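Chain letters run A, B, ... following the sequence lines, proteins first, then strands; residues in each count from 1. Since the model is a prediction, treat every value here as computed from it, not as a measurement.
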Amino acid sequence: MRRVVAVAGILALAVLLVTFPIWTADWESSRYATTILRDMLVLAILALSLDLLVGVAGMPSLGHAAFFGTGAYAAAIAAQRLGNDDLLVGLGAAIAVAALLAFGIGLFAVRAAGIFFLMLTLAFAQMVFAVAFQAVDLTGGSNGLAGVHRPTLAGLDFNGADALYQLVAVLFLLVLVLSWRIRSSTYGRALAGLRENERRMRALGYDTTRLKLSAFVLAGAIAGVGGALSAYSLRFVSTNDVGVGRSIEAFVSVLIGGTGTLIGPVVGAVVVLYIERVLPSSIPFAETVLGLVFVVFVVAARQGIVGLAVATYARVRR
Amino acid sequence: MIEARDLRREFGGIVALAGVDLRVEQGERRAIIGPNGAGKTTLFNILTGELAPTSGSVRLGGEDVTARRPHELARRGVARMYQRNELFDPLPARENVALALRAATGPYRPFTAPARSVAAVADALLERVGLGGRGDAAARALSHGERRQLELALALARAPRLLLLDEPTAGMSPAETARISGLIDALERTLTIVVVEHDMDVVFRLADRITVLHEGRVIADGTPAEVRADTQVTEVYLGKVVA
Amino acid sequence: MSPEVFVQQALNGISFGALLFILAAGLSLIFGMMDVVNLAHGAFYMLGAYVTLAIVQRTGQFWLALFVAPAVVGLLGLILEPLLLRRLRGRHLDQVLLTIGVSLVIADLLGLTFGREIHSIPLPAGLDRSTQILGSDYPVYRLFVIAFGVALAAALTLIHRRTRLGALIRAGVDDAQMLDALGVDIDRLFSRTFASGAALAGLAGVIAAPVFGIFPGMDVDALIYSLIVVVVGGLGSLSGAIAGAGLVGPADTFGKVLFPQFALALIFAIMALVLLLRPTGLLGRVRIVR
């Protein structure tokens, strides 16, 4: 019985999420709220993909924006160059290019561990940034690519703000379900084993290098989806989307929300985006607040919001 | 079963192994003893592929496996119990074993939930090593002796043909030691076992043959009676043993 | 490339290298001693530059800033280490993350205080002229940077090799726990090391300010470059910082002149290559990291 209620509740929330612009149409700030929520969901997708590496596989990466931004560029350029606005083409391009890049970088990066892996991912991401900056003909350099076409799919047009929001919401839910399935699968369990004791995993017969590479590519591909959605949402792609700032933003989201949990990255993305976008209308030092919040969590609440909630719940139950 | 020829291993200027020959027949139970720093763990690390020898070779069942990496050796039936437990601490004991069992089928099923049958086999294995009923406990919540038992379970999970046990009774009370050595003794005779041990009672109980290592060299190799009678061994090692 | 241009670019490369050394020495010191990758290092550099801006705007005295700015940044480091980093001793990833948070706060507060435009300060009096090198003019200030860098390298090497402090640092880089066991006050040593590293970053900020300007985002650039230098040269090694800076400075300068399209990527490629082939860097000490 409890199961049915839980599933029903989740489905209800999902429906509410997708229909958000409709039931908030009477709100004064409906447009603004929809835009903010949309961007929160895009960041949440990036954070979910990063947590697959950080929280599940135990591979902390500071260069994950490279795949997000590459996906964004790929989706934008595909529409531009191929003259085809089909959603499947755009998403396909984003996933393919991001995954390929992740494979290329991963081949080298996974041979390192810990701090070295962290710095390698940072270095490679900066290389991608440098290329994006220099290849002005392709990427628009520091000016970026403007006028990105919003996609269409089988007659559906996602040009309108509400329609695009719903696309983002649906894809977010798909990524969420995907993350959930991956975590509870044998693959996800193997990644967890990798995180807890790589040496033992090798001794048990797992090819840990291949396992790490597969996680890296999978996480990169999902980040690419987020990037494509970002390009469609903002109608704009720039080097900011591949930069260190974006990578850090994603990492901060994952940590504040709670690494290794399913909804932690989502919660974290909501909090981070709130601080970055909603708070500045009241106070001028939003980045400072974000930095301070982050520091507090690292020092005092390492398990993140979700981790804290779970611990509190467990304590209250006793 | 396993044959190491003239294994040498240097670390910078330090010579850990200075030409070790080891030949263990299938079904044999071999104990390797020697003072600390004799090179026992280095030898094990080479046999499991975690370390490459500076020179020399290792053959497993006739096949040259000198350059093979740990997971390749594991797939060829080599299993190890580490000196310091290598467990998945926050995970339940059952999941620890399940991970070992699932290694055979491969991990690349991103959408398949773990089979329930694996959990049943894991429970059976836990029972076998004396951890029946402890499946739900996190590995780090187990007592030291129980953790060693779990470590043994992980080594046995894939029905290996060669079992390398690195000080299985380290840090154990007499009761725990008796239990573990009893478990090992009761293992099938088709299994080839190589044990590194400091506890002489355990050594003499389990071993068919003993190899004595000292400063990276084999100084004695024979039946327990032969080794006990070897004066060089007594000089070097047996006199300093703490049982 | 004509000889005059080559010499000019070579001097540019060496002066950039000197600057990179001053910047990277602190990072290398902190990592070598405390195993902490201080990602706030760029922010410390930025702070040094902005303090210089404030001082020069108010008093016009660059030379005053040369002393005050590193002191201010060093003081900040002295406060931050016991306050935040010490709690995370042993948790290396968390320490790295902490320094990210610190850098976000510093960078934002500086932007709020000074505004987000690009600022510049004039070259200090006495060093604002050019001199003749091989028939063409070359700014004296850049020669000063080279001289300063060399002098600092010499001074640091002297301290490192000949003094008790240097011995403590060398020992600490090798095995901090052993020092602790020998009765050295590790807490004090660590906070002073961190403060020194921060002060060096601040010093680099002062020196660089007249040449590179003062603007938001300079912390990221500086951090990336100092990471590259330290990784290439060898983590935790003073001579490594010298070697790394000596390689990256000219490589970056000549790269930008010869193949501007790929200059940035080239530098990162060097770093990635070193990380893969020789993770301890060209002159790094072998570390057994579990």
Side-chain angles (χ1 to χ4, degrees), chain A residues 48-49 52-53 55-58 99 110-111 113 174-222 259-261 302-303 307 310-311 314, chain B residues 44-45 47-50 68-82 84-92 94-115 118-119 138-140 150-151 153-160 163-164 166:
Chain A
L48 279 168
S49 74
L52 190 66
L53 284 179
V56 180
V110 299
R111 291 173 201 286
L174 283 175
V175 169
L176 192 64
V177 170
L178 182 70
S179 299
W180 171 58
R181 293 292 308 199
I182 291 175
R183 275 161 208 270
S184 45
S185 70
T186 48
Y187 178 66
R189 302 280 186 106
L191 290 182
L194 185 64
R195 176 190 72 224
E196 291 307 328
N197 196 329
E198 185 178 348
R199 188 183 193 196
R200 186 30 106 181
M201 288 296 278
R202 276 198 292 261
L204 290 176
Y206 290 93
D207 187 341
T208 55
T209 307
R210 195 184 284 186
L211 206 51
K212 287 198 274 193
L213 182 59
S214 68
F216 200 73
V217 171
L218 185 59
I222 299 175
T259 57
T261 64
R302 185 58 173 81
Q303 68 277 52
V310 168
Chain B
F44 259 28
N45 285 338
L47 293 179
T48 55
E50 287 189 3
R68 294 278 173 202
R69 283 147 61 210
H71 66 92
E72 293 170 310
L73 282 168
R75 288 189 199 160
R76 281 167 171 72
V78 177
R80 179 171 178 173
M81 197 176 155
Y82 286 92
R84 280 190 234 155
N85 290 327
E86 295 285 358
L87 300 170
F88 305 105
D89 282 331
L91 302 180
R94 182 181 301 115
E95 181 61 19
N96 270 257
V97 179
L99 271 170
L101 291 168
R102 272 185 244 126
T105 51
Y108 296 105
R109 280 153 208 241
F111 307 108
T112 319
V118 171
R140 62 170 154 225
L150 183 58
E151 181 84 3
L154 289 186
L156 293 175
R158 286 182 65 179
L163 193 57
L164 300 171
D166 200 343

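Neither the backbone nor the side chain of B:Ala79 comes within contact range of chain A, judged by heavy atoms closer than 4.5 Å. Residue B:Arg102 touches chain A through both its backbone and its side chain, counting heavy-atom pairs closer than 4.5 Å. Contacts between A:Ser214 and chain B at a heavy-atom distance below 4.5 Å involve the side chain alone, from C-beta outward. A:Leu191 does not touch chain B: none of its heavy atoms, backbone or side chain, sits under 4.5 Å away.
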For side-chain contact (heavy atoms from CB on, under 4.5 Å), just list the numbers for B:Arg75 and A:Asp207, CA-CA rounded to whole Å, side-chain angles, deciding distance to a tenth of an Å, and then say yes or no. CA-CA 10 Å; B:Arg75 288 189 199 160; A:Asp207 187 341; 3.9 Å; yes
Start with the C-alpha gap between B:Glu50 and A:Arg199, add the side-chain angles, then the distance that decides, and say whether side-chain contact (heavy atoms from CB on, under 4.5 Å) holds. CA-CA 9 Å; B:Glu50 287 189 3; A:Arg199 188 183 193 196; 2.8 Å; yes
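Of the listed residues A:Arg189, A:Met201, A:Glu196, A:Arg210, the one with more heavy-atom pairs under 4.5 angstrom with chain B than any other is A:Arg189. For the set B:Glu72, B:Arg76, B:His71, the entry with the most heavy-atom pairs within less than 4.5 Å of chain A is B:His71.
Looking at every heavy atom in both residues, B:Ala103 comes nearest to A:Tyr206 through N-OH, 3.3 Å. Smallest separation of non-hydrogen atoms from B:Leu154 and A:Leu204: O-CD2, 3.9 Å. Nearest heavy-atom pair across B:Tyr82 and A:Ala203 is OH-CB, 3.4 Å.
Applying the salt bridge (Lys or Arg N to Asp or Glu O under 4.0 Å) test to B:Asp166 and every residue at least two apart in sequence or in another chain returns B:Arg80. In this structure, the side-chain contact (heavy atoms from CB on, under 4.5 Å) partners of A:Arg195, at least two apart in sequence or on a different chain, are A:Ala192.
Looking only at side-chain heavy atoms (C-beta outward), A:Arg200 and B:Leu99 stay at 4.5 Å or farther from each other. Using a 4.5 Å heavy-atom threshold, the side chains of A:Arg202 and B:Arg69 count as separate.
A:Asn197 places a side-chain N or O within donor-acceptor distance of the main-chain N or O of B:Leu87, the cut-off being under 3.5 Å.
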